[in-house]
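Report on one structure; see the data block that follows.
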Amino acid sequence: MPQPYTTLQPFFWPPLSDDAVLAIREVLLRLTDQFETRYASQIRDAERDDNRPHDHQPDLFDRPDFDDPLLF
């Protein structure tokens, strides 16, 4: 089960130059791309499992409504 996203708060984000921001962004994009390429099948399987309906255990005390005309 995936963990919820967390933020880096309170994290001090220092002021950066435009060039530094763009360089860091490029590194993060390349890292993310390589990560997704390497683990693509696991990511796909995990996302598919998260979207799959889980088996539902019927409530043993939930009785049918015998007055319901659609029941019969």
Find the distance between CD1 (I24) and CG (L31) and round it off to the nearest 0.5 Å. 13.0 Å
Under 4.5 Å between side-chain heavy atoms, hopping through other hydrophobics if needed: is there a path connecting L29 to V21? no
If you group Ile, Leu, Val, Met, Phe, Trp and Tyr whenever their side-chain heavy atoms sit less than 4.5 Å apart, what else falls in with V27? none
Can you pull out every salt bridge (Lys or Arg N to Asp or Glu O under 4.0 Å) where at least one residue sits in residues 27-42? Sequence neighbours excluded, please. E26-R30
